[in-house]
Chemist: 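Pasting a structure here, questions to come.
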Amino acid sequence: MYTASIPWKVLSSKVGVGVLTEGWNLAGVEEDTQEIRTFVVDVFFDSTFVSPPVVQLGLTGFDIDDRDSSRLTLTAENITQSGFQVLVTTWAGTRVYAAEFNWLAIGA
């Protein structure tokens, strides 16, 4: 039996965000807070996928103040055929001035 298959598509890029990015809210912090702070980055694919792809993120750089512990997470959410959102998150007293990451999307 012959089954036609859809070829794999792979897209990737590098993104940098920080204090010069409009709306950046990860550099300022209240004293003695445990508040979770998140900045959302919208990523749009150059071409769409047939269905939502698998997305992998890799932290490639950061600028974090050394007055407190370094806390930083990246999460891919709301993945669609045309893009996704990256949640750059920190908490407690951490001051994040910039973050760089690569993303890789694999699908059909």
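When a residue number appears, it is its place in the shown sequence, counting from 1.
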Chemist: Please find the pair of heavy atoms, one from Ala99 and one from Leu72, that lie closest to each other, and give the distance.
Modeler: CB-CD2, 4.4 Å

Chemist: When you measure from the side chain of Trp24 to the backbone N and O of Val96, does any donor-acceptor pair fall under 3.5 Å?
Modeler: yes

Chemist: In this structure, are over 12 heavy atoms from other groups packed under 6.0 Å from Ile36 atom CD1?
Modeler: no

Chemist: Which residues satisfy the salt bridge (charged side-chain N to carboxylate O under 4.0 Å, His left out) test with Lys9, sequence neighbours excluded?
Modeler: none

Chemist: Among Thr90, Thr75, Thr89, whose side-chain hydrogen bond (donor to acceptor under 3.5 Å, both in side chains) with Thr38 holds?
Modeler: Thr89

Chemist: Do other residues, nucleotides or ligands put more than 12 heavy atoms under 6.0 Å from Gln81 CD?
Modeler: yes

Chemist: Do you know the tightest heavy-atom contact between Ser70 and Ile64?
Modeler: OG-CG2, 3.8 Å

Chemist: Hydrophobic clusters here meaning ILVMFWY residues chained together by side-chain heavy-atom distances under 4.5 Å, can you tell me if Val41 and Ile79 are in one?
Modeler: yes

Chemist: Other residues, nucleotides and ligands only: do more than 12 of their heavy atoms fall within 6.0 Å of CG on Asp42?
Modeler: yes

Chemist: Leu59 and Leu104: same hydrophobic cluster, using ILVMFWY side-chain contacts below 4.5 Å?
Modeler: no

Chemist: Taking atom OG1 of Thr60 and atom CD of Glu100, what is their separation to the nearest 0.5 Å?
Modeler: 5.0 Å

Chemist: Check Phe101 against Leu57 and note the closest heavy-atom contact, atom names and distance.
Modeler: CD1-CD2, 4.2 Å

Chemist: Tell me if a side-chain donor or acceptor on Arg67 pairs with a main-chain N or O of Thr94 at a distance below 3.5 Å.
Modeler: no

Chemist: Mind checking what makes side chain to side chain donor-acceptor pair (under 3.5 Å) contact with Asn78, not counting sequence neighbours?
Modeler: Gln85

Chemist: According to a hydrophobic-cluster definition based on side-chain heavy atoms being under 4.5 Å apart (Ile, Leu, Val, Met, Phe, Trp, Tyr only), do Val29 and Phe62 belong together?
Modeler: no

Chemist: State, to 0.1 Å, how close Phe45 and Thr80 come at their nearest heavy-atom pair, and which atoms those are.
Modeler: CE1-O, 3.5 Å

Chemist: Any heavy-atom pair between the side chains of Glu77 and Val40 that's under 4.5 Å?
Modeler: no

Chemist: Please give me the minimum heavy-atom distance between Leu74 and Gly58, naming the atom from each residue.
Modeler: CD1-C, 4.4 Å

Chemist: State, with a plain yes or no, whether a side-chain heavy atom of Pro53 is found less than 4.5 Å away from one of Ile106.
Modeler: no

Chemist: Give the cluster check for Phe84 versus Phe49: same hydrophobic cluster or not, with ILVMFWY residues linked at side-chain heavy-atom distances below 4.5 Å.
Modeler: yes

Chemist: On a heavy-atom basis, which atom in Val55 and which in Ala105 lie closest, and how many Å separate them?
Modeler: CG2-CB, 4.2 Å

Chemist: Once side-chain contact (heavy atoms from CB on, under 4.5 Å) is applied, do any residues pair with Val50, and if so which ones, sequence neighbours excluded?
Modeler: none

Chemist: Contact between Trp103 and Val86 at the side-chain level, heavy atoms closer than 4.5 Å - yes or no?
Modeler: no

Chemist: Might you work through the side chain to side chain contact (heavy atoms under 4.5 Å, CB included) test for Ser47 and Leu11, ending with a clear yes or no?
Modeler: CA-CA 9 Å; Ser47 60; Leu11 298 175; 4.2 Å; yes

